[in-house]
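If you scroll down you'll find the structure; I have some questions about it.
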Amino acid sequence: MDNHMLLEIKDLEVVYQTDFENVYALNKVTLSLNAGETLGLVGETGAGKTTTALSLLKLLPKNIGKITGGSIMFDGVDIVKATEGEMRKIRGNKISMIFQDPMTSLNPVIPVGEQIAESLELHNIQGRTAAEIEQRVDQMLELVGIPPNRKTEFPHQFSGGMKQRVVIAIALACDPALLIADEPTTALDVTIQAQVLAMMGELKEKLNTSLVLITHDLGIVAQICDKVAVMYAGEIIESGTMEDIFSRIENHPYTVGLFGSIPNLELSTPRLAPINGLMPDPTDLPKGCKFHPRCPKCMDICKAENPRVYEAGTHQIMCHLFNQEGNVIQ
């Protein structure tokens, strides 16, 4: 399997500029992903996960969202410097995105088969005929477990789980090198969630597609991800392999808090341990560590200085609790 570096984000900064204030959405985000790998991007609502995904496709709100620093290298192409014409060739073709809500992602007045065919017609690099495009639509529907004879039906004739499958078929139609899934199971019930996640894992293996999975659920990450990056207030505060995050004793206090919010039925008193407080205001971020107002292990240095990134092999933690050797300071 080819495992070359497919995506490399360095010191990415994004600001939403309005007439009244600036929203500092991403603050020096650094990530990398090899071909065929799955990266789980985890964090609370407002952490910057969706902004990271939209930056990869340059779909930030026009005249408001601006990339103010850093670089995004995708398969040798500098996304930040790419023109709109170059991005049109990348979107849906080399990088596809599954948005949060399938109910709003599909056009209600166009049959689902035509919506799958649209991306194939738009990026018809292989010179497919109309009949070949129709055949590809049938293949994609079969791939996601929908009978091809339903391609003439409209979105309202499908259940929520089936709509999500159609959205996945659209995203995968052009065999993209990178698939971004922005909380793809949020609108689905638990049973359908499991089916969609299992299907995405199978399709990823079958097509050798790299996947960025955006979620706030560490349980989902544990099922299908190779690497994990934990976001907070527009920063990557911890990253590593799945084993680094799930098996190590040392974790960032925020990551510990996320684990504490997962139900554990093996405990005699299975109570959740919520993280106190709220995400900081992105227009007025706190000095020092962004997590310090909510951190149970906050020290004086946390309130004054930005923490450096400490590395222990593939495991990286941005926290003052860890010294240069990656050991916890007692």
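In this text the structure is predicted, and so the values were computed from the model without any measurement.
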Donor + acceptor pair across side chains of Lys204, Thr38 (<3.5 Å): yes
Looking at residues at least two apart in the chain, or sitting in another chain, which of them share a salt bridge (charged side-chain N to carboxylate O under 4.0 Å, His left out) with Asp138? Lys151
Within the structure provided, determine whether Met97 and Leu57 are in side-chain contact (heavy-atom separation under 4.5 Å). yes
Kindly say whether Ala171 contributes a backbone atom to a donor-acceptor pair with the side chain of Ser96 at under 3.5 angstrom? yes
Hey, does Ile245 have a side-chain heavy atom less than 4.5 Å from the side chain of Val221? no
Could you tell me whether the side chain of Lys290 and the main chain of Glu235 form a donor-acceptor pair under 3.5 Å? no
Grab the two heavy atoms, one from Cys319 and one from Tyr310, that are nearest each other, plus how far apart they are. O-CE1, 3.0 Å
Non-neighbouring partners of Glu202 that pass salt bridge (charged side-chain N to carboxylate O under 4.0 Å, His left out), sequence neighbours left out: none
Beyond-backbone contact of Tyr16 with Lys66, side-chain heavy atoms, under 4.5 angstrom: no
For Asp244, run the side-chain contact (heavy atoms from CB on, under 4.5 Å) check against Thr314, Val228, Asn251, Ile317 and tell me which one passes. Thr314
Any donor-acceptor pair under 3.5 Å linking the side chain of Asn27 with the backbone of Ala233? yes
From Leu39 CG over to Leu7 CG, what is the distance, rounded to the nearest 0.5 angstrom? 8.5 Å
Closest non-hydrogen atom pair between Leu321 and Pro253, with its separation: CD1-CG, 3.6 Å
Spell out, yes or no, whether Met242 and Leu33 are grouped together once hydrophobic residues are joined by side-chain heavy atoms under 4.5 Å, including indirect joins. no
Residue pair Glu114 / Thr152, side-chain heavy-atom distance below 4.5 Å: no
Which atom names give the shortest non-hydrogen contact between Ala35 and Leu6, and what distance separates them? N-CB, 3.9 Å
Hey, quick one: are Ile170 and Ile98 part of the same hydrophobic cluster, counting side-chain heavy atoms closer than 4.5 Å, chains of contacts allowed? yes
Basic-acidic side-chain contact under 4.0 Å: Lys227, Glu37: yes
Scan Glu238, Arg294, Glu44 and name whichever one has a side chain to side chain donor-acceptor pair (under 3.5 Å) with Tyr254. Glu44
Taking the basic N atoms (NZ, or NE/NH1/NH2) and the acidic carboxylate oxygens, is any pair closer than 4.0 Å for Glu84 and Arg91? yes
Compare every heavy atom of Thr18 with every heavy atom of Asn22, then report the nearest pair and how far apart it is. OD1-N, 4.3 Å
Without swapping roles, check the side chain of Arg136 against the backbone of Ala173 for a donor-acceptor pair under 3.5 Å. yes
What distance do Cys295 atom SG and Ile275 atom CD1 have between them, rounded to the nearest 0.5 Å? 10.0 Å
Before giving the answer on side-chain contact (heavy atoms from CB on, under 4.5 Å), spell out for Ile236 and Met318 the whole-Å C-alpha distance, their side-chain angles and the decisive distance to 0.1 Å. CA-CA 8 Å; Ile236 303 294; Met318 192 168 73; over 6 Å; no
Please tell me whether Leu285 and Val23 are part of a single hydrophobic cluster in this structure, the criterion being side-chain heavy atoms less than 4.5 Å apart. no
Find out if a path of hydrophobic residues (ILVMFWY) with successive side-chain heavy-atom gaps under 4.5 Å connects Ile180 to Ile90. yes
Quick check on Lys303: does its NZ atom have over 12 non-hydrogen neighbours (other residues, nucleotides or ligands) under 6.0 Å away? no
The reported gap from CG in Leu179 to CD1 in Ile95 (rounded to nearest 0.5 angstrom) is 10.5 Å
How far apart are the C-alpha atoms of Asn34 and Ser210, what are their side-chain angles, what is the distance that settles it, and do they pass the side-chain contact (heavy atoms from CB on, under 4.5 Å) test? CA-CA 7 Å; Asn34 292 331; Ser210 297; over 6 Å; no
Go through the steps to decide whether Glu153 and Arg150 satisfy the test salt bridge (charged side-chain N to carboxylate O under 4.0 Å, His left out), and finish with yes or no. CA-CA 5 Å; Glu153 296 182 13; Arg150 297 197 65 183; 2.8 Å; yes
Check: Thr68 and Val14 side chains under 4.5 Å, non-hydrogen atoms: no
Minimum heavy-atom separation for Ser119 to Cys174, with atom names? O-SG, 3.6 Å
Can Leu106 be reached from Ile168 by stepping across I, L, V, M, F, W or Y side chains whose heavy atoms are under 4.5 Å apart? yes
Decide if atom NZ of Lys94 counts as having more than 12 heavy atoms of other residues, nucleotides or ligands within a radius under 6.0 Å. no
Close side-chain approach of Leu213 and Leu41, heavy atoms under 4.5 Å: no
Scan for side-chain hydrogen bond (donor to acceptor under 3.5 Å, both in side chains) pairs involving residues 213-224, sequence neighbours excluded, and state none if there are none. Glu183-His216
Under 6.0 Å between ring centres, would you say that holds for Phe259 and Phe246? yes
Residues, nucleotides or ligands: over 12 heavy atoms within 6.0 Å of Glu8 CD: yes
About how many Å separate CG of Leu26 and CD1 of Ile67, when rounded to the nearest 0.5 Å? 8.5 Å
Derivation and outcome, side-chain contact (heavy atoms from CB on, under 4.5 Å), residues Glu13 and Tyr24: CA-CA 8 Å; Glu13 296 180 340; Tyr24 299 95; over 6 Å; no
With no hydrogens and no angle check, is any side-chain donor or acceptor of Lys163 less than 3.5 Å from a backbone partner on Phe158? yes
Any donor and acceptor pair, going by atom type alone, linking the side chain of Thr51 with main-chain N or O of Ala25 inside 3.5 Å? no
Taking all non-hydrogen atoms of both residues, which atom of Leu12 and which atom of Ser55 are closest, and how far apart? CD2-CB, 4.0 Å
Would you say the side-chain atoms of Thr209 pair up with the backbone N or O of Leu178, donor to acceptor, closer than 3.5 Å? no
His123 side chain vs Leu120 backbone, donor-acceptor pair below 3.5 Å: no
Side-chain contact, heavy-atom cut-off 4.5 Å: Leu54 with Thr50? yes
Any donor-acceptor N/O pair, Lys58 side chain to Ala82 backbone, under 3.5 Å: yes
Taking atom CD1 of Ile116 and atom CD of Glu121, what is their separation to the nearest 0.5 Å? 12.0 Å
Strictly distance-based, threshold 3.5 Å: is any side-chain N or O of Gln115 a donor or acceptor partner for the main-chain N or O of Asn107? yes
With side chains defined as the heavy atoms from C-beta onward, is the minimum distance between His156 and Pro108 less than 4.5 Å? no
Would Thr241 and His315 count as a side-chain contact (heavy atoms from CB on, under 4.5 Å) here? Give the steps. CA-CA 7 Å; Thr241 64; His315 194 190; over 6 Å; no
Inter-residue atom distance Gln164.CD - Ser159.OG, 0.5 Å rounding: 10.5 Å
